[in-house]
*Asks:* 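Pasting a structure here, questions to come.
The sequence lines fix the lettering, A, B, ..., with proteins before strands; numbering per chain opens at 1. Below, all heavy atoms of this structure are taken into account, side chains as well, without hydrogens, waters or symmetry copies.
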Amino acid sequence: MGAEVRGQAPRIQRYHAYADRIRPKPAVIHNVWWAFVVGGMIALLGQGITWGFQQAGLTGNRAATPTSIVLVGLGALFTGLGWYDRIVELGGMGGTLPITGFANAMVAPAMEYRAEGLIMGVGAKLFTLAGPVLVYGMATAFVMGAIRYGLGIG
Amino acid sequence: MIAEQIGEASYRTAEAYIAETAACVGRKEGEGPLGQYFDVVWRDEGEAFSSFEKAEQALLAQTQDTALAKASRAWSDVDLVIGGDLMDQLIATDFEGRRHQRPLVGLFSACASFTEALAVGASTVGRKGPRTVLVAASSHHLTAERQFRFPLELGYQRTPTASWTATAAGAVLLVAEPTPVVVDAVTFGRVVDWGSKDANDMASAMAPAAVDTIQRHLDALGEAVEAYDAIVTGDLGVFGMKLAAHLAHTEYHFDLGTNLEDCGHLLYDIERQDVHNGGSGAGCAASVFSGYLYRHLRTGRWRRILLAATGALFSPTSSQQGESIPAIAHAVSFSRHGDSP
């Protein structure tokens, strides 16, 4: 910042103090409640699907993989229909964090960047949102695996 | 240039008259409180085009064509086109130039591009030429979302201070021959950066720029706020208007008064249309002036108004690199001819 701004430092501090005081705040209680409801509904749906696969004969954890596949499919479908962004607008992290949110983060750029072509559009931009999740998910898995190995549990 | 310098960055313009204006907007803007003032309201965001960038170009083209048609002028009468938009490399304004083939000055001050273009146009136009200058600015919600924020279908929660980029364009045809409404003075803003960093709170970054420019405009003209029937900022929204009024009162020692309005605040029904802080985008001030403000200037509700659109001059890159948000405001004052001071 230039000399002009430095000379105005007290004025700027007073301004920001006022702005911080009157800035509209996110409705935390409202948001937390809806995150709980929306996230809980998605979890309930996932549990229902898991039970369904178990009824069909898949035992225990073996029902988890097809459940994930169905949820990702539903997340992608709802994104394509233009509904998922509304679910997250209401539910926030309750909609972003489940695997359906991951599907949303993959399908939204796929739809968005069609205009730039299949290679440099969809191909290059597909992981712009999901990329950080994958990078740090894998990095964390690697670190945890190393710790587990070091402790001699693995 | 026929304008006379009356302050550090203020000019009294002598022969800048408004022949006509036009405003074309998207569906959401048409459903807002100013819907009836716009020349054309699109049924959607331009889904029929192969890209939303092309839709924005078409919206701009339609607005410019409408302004010329209302003034009974042809493109060949236009000596100079001045305008801007929010897109990287000005691909709405510049690509539209492929069609109209008139001399073009493209400029960028983010959401203040419209008053920047008006200020340049008004201080350039005159009887010795250029005699006819078409000023325009545009923005499109979906082209801005993908450039500055996220893909359309990605779910995320907007913060209460976030603004809604308008799908809108406005055009003003400036001529050297007298008409009822004149641009009487302009003030070019300077970059004001008070260290705000939140790209979802442009109001905090822009309010100091608005107050700085308004004060310098009033000082240069030797006027008080009361000289204006309305002082209209651009895109400060609900929160930014409070900040600007407070800042003017406590630090600059003038009251913006009860006549302060804001284009981002006027364009939408803030609660019903879920736009949080209000509208923004180069097309916001352009359409609100060209549709609503000009109508009331011409028909007599107002005799004199000051329009100070504000722009947040950040890019996605500068934001990600942790830079603060520089802001700018350019001011233009209008009066009904014969009532000018």
*Asks:* Do A:D85 and B:Y156 make a side-chain contact, defined as non-hydrogen atoms from C-beta onward lying under 4.5 Å apart?
*Replies:*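 Of all side-chain heavy-atom pairs linking B:Y156 with A:D85, none is under 4.5 Å.
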*Asks:* Are the side chains of A:H16 and B:S196 in touch, meaning some heavy atoms are under 4.5 Å apart?
*Replies:*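 Result yes, sub-4.5 Å side-chain heavy-atom pair found.
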*Asks:* Working to the nearest 0.5 angstrom, can you tell me the gap between B:T250 OG1 and A:R11 CZ?
*Replies:*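 It comes to 8.5 Å.
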*Asks:* Show the nearest heavy-atom pair for residues B:P208 and A:Y15, with the distance to one decimal.
*Replies:*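 B:P208 and A:Y15 have their closest heavy atoms at CD-OH, 3.3 Å.
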*Asks:* Tell me, for B:F150 versus chain A, whether the close heavy atoms (under 4.5 Å) come from the side chain, the backbone, both or neither.
*Replies:*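 Side chain only.
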*Asks:* With a 4.5 angstrom heavy-atom cut-off, is it the side chain or the backbone of B:P326 that approaches chain A, or both, or neither?
*Replies:*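 Nothing of B:P326, per the 4.5 Å heavy-atom cut-off to chain A.
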*Asks:* Can you tell me if CD on A:Q55 sees more than 12 non-hydrogen neighbours from other groups inside 6.0 Å?
*Replies:*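 Atom CD in A:Q55 is not crowded, with 12 or fewer foreign heavy atoms closer than 6.0 Å.
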*Asks:* Under 30°, 30 to 60°, or over 60°: which ring-plane class applies to A:Y18 and B:H246, parallel, tilted or perpendicular?
*Replies:*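 Parallel.
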*Asks:* Among side-chain atoms of A:R23 and B:S204, is any donor-acceptor pair under 3.5 angstrom?
*Replies:*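 Looking only at side-chain atoms, B:S204 and A:R23 do form a donor-acceptor pair, the distance falling under 3.5 Å.
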*Asks:* If I measure from the heavy atoms of chain B, does A:L129 come under 4.5 Å with its side chain, its backbone, both, or neither?
*Replies:*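 Looking at A:L129, just its side chain touches chain B.
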*Asks:* Report which part of B:D274 has an atom under 4.5 Å of a heavy atom belonging to chain A: side chain, backbone, both, or neither.
*Replies:*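 The side chain, not the backbone.
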*Asks:* Once rounded to the nearest 0.5 Å, what's the spacing between atom CD of B:E251 and atom CD of A:Q8?
*Replies:*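 That separation rounds to 9.0 Å.
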*Asks:* Looking at every heavy atom in both B:G155 and A:N104, which two are closest together, and how far apart are they?
*Replies:*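 So the minimum-distance heavy-atom pair works out to N-OD1, 2.9 Å.
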*Asks:* Is the number of heavy atoms from other residues, nucleotides or ligands under 6.0 Å of B:R272 CZ greater than 12?
*Replies:*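 Result for CZ/B:R272: enclosed.
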*Asks:* Looking at every heavy atom in both B:Q157 and A:V88, which two are closest together, and how far apart are they?
*Replies:*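 That would be CG-O, 3.5 Å.
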*Asks:* Using a 6.0 Å cut-off, check whether atom CD1 of A:I119 has over 12 heavy atoms from anything other than its own residue.
*Replies:*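 At most 12 heavy atoms, drawn from other residues, nucleotides or ligands, come within 6.0 Å of this atom.
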*Asks:* Who among B:V238, B:L142, B:D201, B:T159 has the most heavy-atom pairs with chain A under 4.5 Å?
*Replies:*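 That would be B:D201.
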*Asks:* Below 4.5 Å from any heavy atom of chain B, which atoms of A:K25 appear? Answer side chain, backbone, both or neither.
*Replies:*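 Interface part for A:K25: backbone (N, CA, C, O).
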*Asks:* Decide yes or no for B:L243 and A:I22: does some side-chain heavy atom of the first lie under 4.5 Å from some side-chain heavy atom of the second?
*Replies:*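 B:L243 reaches A:I22 side chain to side chain.
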*Asks:* Answer yes or no: are there more than 12 heavy-atom neighbours, outside A:D20 itself, under 6.0 Å from its atom CG?
*Replies:*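 Enclosed.
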*Asks:* Quick check: are there more than 12 heavy atoms from other residues, nucleotides or ligands sitting under 6.0 Å from CG of A:L134?
*Replies:*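 Atom CG in A:L134 is crowded, with more than 12 foreign heavy atoms closer than 6.0 Å.
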*Asks:* Under 4.5 Å, heavy atom to heavy atom: which of residues 107-116 of chain A reach chain B? Give them by number, or say none.
*Replies:*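 Within residues 107-116 of chain A, near chain B: A:A108, A:P109, A:M111, A:E112, A:Y113, A:A115, A:E116.
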*Asks:* Are more than 12 heavy atoms from other residues, nucleotides or ligands located less than 6.0 Å from atom NZ of B:K54?
*Replies:*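 Not more than 12 within 6.0 Å, no.
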*Asks:* OG1 of A:T96 to CG of B:L154: how many Å apart, nearest 0.5 Å?
*Replies:*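 Separation between the atoms: 7.5 Å.
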